[in-house]
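Written out below as structure tokens is the structure these notes cover.
Note on naming: letters A, B, ... go to the chains in the order of the sequence lines (proteins, then strands), and numbering restarts at 1 for each one.
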Amino acid sequence: MSQLFSKKNREVFSSPISMNNPVTVQVLGICSALAVTAKLEPAIVMGLSVTVITAFSNVVISLLRKTVPNRIRIIVQLVVVAALVTIVSEILKAFAYDVSVQLSVYVGLIITNCILMGRLEAFAMSNGPWESFLDGIGNGLGYAKILVIVAFFRELLGSGTLLNFRIIPQSFYDMGYMNNGLMLMPPMALIIVACIIWFQRSRNKDLQEK
Amino acid sequence: MDHILSLFVRSIFVDNMIFAFFLGMCSYLAVSKNVKTAIGLGIAVTFVLVVTLPVNYLLQTKVLDPLGIGYLSFILFIAVIAAIVQLVEMVVERFSPSLYASLGIFLPLIAVNCAIMGASLFMQQRITLGATDPKAITDIWDAISYALGSGIGWMLSIVGLAAIREKMAYSDVPAPLKGLGITFITVGLMAMAFMCFSGLNI
């Protein structure tokens, strides 16, 4: 049992959440990270979906890694991921219909999310199922973390709410405070991610580019 | 005819793949370091879009909808895209080795470019819209014009960013923002500029 949570495995799990974040450091999976973050709720659902899909596709590919011929591995990976995404998409439609409407095509686009293909190629093809599972959960949570941070600021400043509860009191609006409509527009997502990168890299000199 | 043209122009400017939907961001950020490769990748993406979208349109309307197995669309679409990218790769390698060499690794990566899959999924949504809607895709010509417009819009934005980044090499950017950070801000400003088109009514 102790071997399951050895130091190396804990490292595999925790490094993508902080130092080696898939979005801000490895630059993977940007598309959906930006598009679903106008509100907090879809961002959380999207983060969880990606975490689940990354973890399970990592496990499946890791189990198959010795039987799949090298030449057709990409298409096998795509089919495994597409099958998992279909399952998640149907579950969302059944139990969280409103959110699945808000996410619209971006659930289907998890298939082409670079985090998945990146982790499958870089990790699951050369490691055992348990390590791959941890790696998938870690990367998924690292991705979800960025999504939640971006969505938090966009929803708070753009609509004055969090998870649809009003945070900024009515008296502020009476005194002339206004929601910043620009925050809900796509360009601000890019700029907030840039600020997160800026913050992270000014604290971690190793990550800076020359 | 009007509808096809308006669909074409809208998909370049108003519904731009990058600036309105952030599709194909990964390769967009990675390959926009110089204008020449950016043009090559832009052409390749446009080409794959124009080939895959009509095929997926026919699959959706002639196979999936009549049989009521719409939930299989993700798997079918991605299989079509992967197969066509493989085909394009072989054709390019056979007939134009120089283009093949310059595109290199990017050609197979187009299979996992979200812009391609995204266009197919948007098309799937637009089929269900009424014929009077300016975004509706009602026949295969609409699908082709939408694909061409999206591809050109994508190419326009990647070439634009590549040109800006070439010039930016000479500017003094704060160390933590260097590379990725400043690129994000640039794309954000470009996206704001493109927002002017959103009121466009054709």
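With a 6.0 Å radius and a threshold of 12 heavy atoms from other residues, nucleotides or ligands, M185(A) has its CE atom at or below the threshold. More than 12 heavy atoms of other residues, nucleotides or ligands shown are found within 6.0 angstrom of CE on M175(A). The neighbour count for F56(A) CZ, taken as heavy atoms of other residues, nucleotides or ligands under 6.0 Å away, does not exceed 12. Within 6.0 Å of the OH atom in Y177(A), the count of heavy atoms belonging to other residues, nucleotides or ligands exceeds 12. The neighbour count for F172(A) CZ, taken as heavy atoms of other residues, nucleotides or ligands under 6.0 Å away, does not exceed 12.
M117(B) contributes atom CE, which lies 11.0 Å from atom CD1 of I110(A) (distance to the nearest 0.5 angstrom).
In this structure, Q86(B) and I75(A) have side chains that are not in contact, with every pair of non-hydrogen atoms separated by 4.5 Å or more.
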- [ ] Given side-chain contact (heavy atoms from CB on, under 4.5 Å), test L23(B) with Y106(A) step by step and report yes or no.
- [x] CA-CA 10 Å; L23(B) 296 180; Y106(A) 293 98; 3.9 Å; yes

Task: Evaluation steps, side-chain contact (heavy atoms from CB on, under 4.5 Å), between L190(A) and M192(B) - done: CA-CA 10 Å; L190(A) 287 157; M192(B) 274 184 211; over 6 Å; no

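For the options I78(B), I185(B), L189(B), heavy-atom pairs under 4.5 Å to chain A are most numerous at I78(B). Taking F77(B), F21(B), F194(B) one by one and counting their heavy-atom pairs under 4.5 Å with chain A, the maximum is reached by F21(B). The residue among N113(A), T112(A), I191(A) with the most heavy atom pairs within less than 4.5 Å of chain B is T112(A).
Only the side chain of L182(A) has a heavy atom closer than 4.5 Å to any heavy atom of chain B. Within the 4.5 angstrom heavy-atom criterion, only backbone atoms of A20(B) (N, CA, C, O) approach chain A. Proximity to chain B (any heavy atom under 4.5 Å) is restricted, for I111(A), to the side chain, taken from C-beta onward. M195(B) touches chain A through its side chain: at least one heavy atom from C-beta onward sits under 4.5 Å away, while N, CA, C and O do not.
Here the shortest heavy-atom pairing between F74(B) and G108(A) reads CZ-CA, 3.5 Å. In terms of heavy atoms, T86(A) sits closest to Y71(B) at CG2-O, 3.2 Å.
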